[in-house]
Amino acid sequence: MAIEVRPATVFADVATMVGPKNPDSNVCWCLSYRLPSKENLALARRQRGERVQQLVRETLAPGVLAYDGDEVVGWAAVHPRADTSFATNRRIPHVDDVDVWSLWCVRVRPGHRGQGISHSLVAGAVDFARASGAPAIEAYPVDNGGERVDLTMAYVGTRSLFERAGFSKAADTTSVINGFPRVIMRLELT
């Protein structure tokens with residue numbers, strides 16, 4: 001299987017990965033960290049998908065998608081931290097003043113898990129950030145010590161996933177997901 005990762009510029013494929021089956025559902029659409037809290041909370045149902053459609057049309061894609069042939073099989077949200085809620089998040093501190101990019105969501109489509117696609121997505125997100133001029137990229141995964149992470153919370157990734165991609169632990173946080181502490185993992189790109 002040859003997985004290709006490319007910028008998320010096709011709305012239908014982004015919708016396949018992060019949108020609901022019912023467009024009137026009030027789900028994340030991977031906007032919770034991408035938008036300021038006030039804007040995120042104000043969007044409901046179809047407005048959420050419409051906002052993602054706007055983001056996909058911007059010059060800088062809102063993330064990357066993984067493809068197995070023509071089939072979309074994965075998504076990773078990656079963008080300059082300054083454009084995300086991580087810019088002001090009190091639980092996930094800034095390590096320094098570098099204009100880092102944030103990688104906060106990695107999703108693999110059901111039926112395609114366990115095939116290494118998350119590794120391809122992280123590598124593709126790093127390549128996308130580097131090609132876009134990012135000096136460094138951060139992720140905020142759980143430090144689960146090898147314990148199983150509930151699938152609904154696994155979108156943040158694990159420390160070991162990012163270590164295998166060359167990231168190093170940069171700092172602890174006060175954020176906890178599914179009972180596991182989150183850490184800041186960082187990779188310098190320049």
Side-chain angles (χ1 to χ4, degrees), residues 3 5-8 17-18 28-40 55 58 60-66 74-108 113 116-190:
I3 299 297
V5 178
R6 52 187 188 249
M17 290 307 308
V18 298
C28 179
W29 275 95
C30 212
L31 293 173
S32 296
Y33 293 116
R34 176 60 177 88
L35 302 177
S37 182
K38 190 173 184 176
E39 180 184 358
N40 180 50
L55 293 173
E58 290 181 0
L60 189 58
V64 295
L65 293 165
W75 154 263
V78 59
H79 215 70
R81 181 180 62 198
D83 294 340
T84 72
S85 66
F86 294 109
T88 58
N89 191 309
R90 290 184 300 240
R91 292 188 173 164
I92 298 179
H94 292 195
V95 174
D96 52 35
D97 292 330
V98 173
D99 290 327
V100 301
W101 281 41
S102 294
L103 169 54
W104 66 91
C105 180
V106 178
R107 291 193 60 177
V108 176
R113 296 182 181 128
I117 295 171
S118 59
H119 299 282
S120 297
L121 282 164
V122 170
V126 166
D127 290 345
F128 176 62
R130 182 181 284 118
S132 300
I137 185 170
E138 290 180 346
Y140 318 104
V142 292
D143 192 353
N144 62 327
E147 290 185 47
R148 186 162 174 75
V149 178
D150 181 87
L151 193 56
T152 59
M153 294 296 140
Y155 71 92
V156 298
T158 61
R159 178 178 176 168
S160 63
L161 168 67
F162 290 97
E163 285 175 337
R164 284 189 295 253
F167 287 64
S168 299
K169 181 181 172 187
D172 290 312
T173 75
T174 59
S175 180
V176 175
I177 287 189
N178 197 213
F180 298 112
R182 292 175 79 179
V183 292
I184 298 175
M185 299 296 290
R186 188 159 169 169
L187 180 65
E188 302 298 326
L189 301 178
T190 55

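Nothing fancy with the numbering, it's 1 onward along the sequence. Because only heavy atoms are used, hydrogens play no part in the values below, and waters and symmetry mates are left out as well, while side chains stay in.
For Arg107 (side chain) and Met17 (main-chain N/O), a donor-acceptor pair under 3.5 Å exists by modelled atom type. With His94 contributing its side chain and Asn89 its backbone, the two residues share no donor-acceptor pair below 3.5 Å. Not a single donor-acceptor pair under 3.5 Å links the side chain of His119 to the backbone N or O of Ala165. Between the side chain of Ser85 and the backbone N or O of Pro36 there is no donor-acceptor pair closer than 3.5 Å.
The two atoms that bring Pro135 and Asp99 nearest to each other are CD-O, 3.4 Å, heavy atoms only. The minimum heavy-atom distance between Ser102 and Thr84, with the atom names listed, is OG-OG1, 4.2 Å. In plain terms, the two heavy atoms of Phe162 and Gly157 that are nearest each other are CE1-CA, 4.2 Å. Across Leu55 and Pro62, no two heavy atoms sit closer than the pair O-CD, 3.7 Å. Of all heavy-atom pairs between Leu187 and Gly166, the closest is CD1-O, 3.3 Å. In terms of heavy-atom proximity, Ala129 sits nearest to Ile137 at CB-CD1, 4.0 Å.
Annotation: Arg164, atom CZ; neighbour count of heavy atoms from other residues, nucleotides and ligands within 6.0 Å is above 12.
Here the CD1-CZ distance, from Ile177 to Arg182, works out to 4.0 Å after rounding to the nearest 0.5 Å. Taking CD1 of Ile184 as the start and CD of Glu138 as the end, the distance is 5.5 Å to the nearest 0.5 Å. Remark: Ser32 OG to Trp104 CH2 distance equals 10.5 Å, nearest 0.5 Å. Rounding to the nearest 0.5 Å places CZ of Arg81 at 10.5 Å from CD1 of Ile92. The CZ atom of Arg34 lies 4.0 Å from the NE2 atom of His79; values are rounded to the nearest 0.5 Å. Arg6 CZ to Leu65 CG: the interatomic distance, rounded to the nearest 0.5 Å, is 8.0 Å.
Between Tyr140 and Ser175, the side chains place no donor N or O within less than 3.5 Å of an acceptor N or O (distance only, hydrogens not considered).
Checked against the 6.0 Å centroid threshold, Phe128 and Trp101 count as a close aromatic pair.
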* Go through the steps to decide whether Trp75 and Cys105 satisfy the test side chain to side chain contact (heavy atoms under 4.5 Å, CB included), and finish with yes or no. => CA-CA 8 Å; Trp75 154 263; Cys105 180; 3.9 Å; yes
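Pro80 is listed as a side-chain neighbour of Leu60, based on a closest heavy-atom distance under 4.5 Å. No side-chain heavy atom of Tyr33 sits under 4.5 Å from any side-chain heavy atom of Asn40.
When each of Thr158, Asp172, Val142 is tested with Val183 by the rule side-chain contact (heavy atoms from CB on, under 4.5 Å), just one qualifies, namely Asp172.
Ion pairing between Asp96 and Arg186 holds under the 4.0 Å rule for side-chain N and carboxylate O.
Legend: residues meeting side-chain contact (heavy atoms from CB on, under 4.5 Å) with Ser168, ordered by chain and number and at least two apart, are absent.
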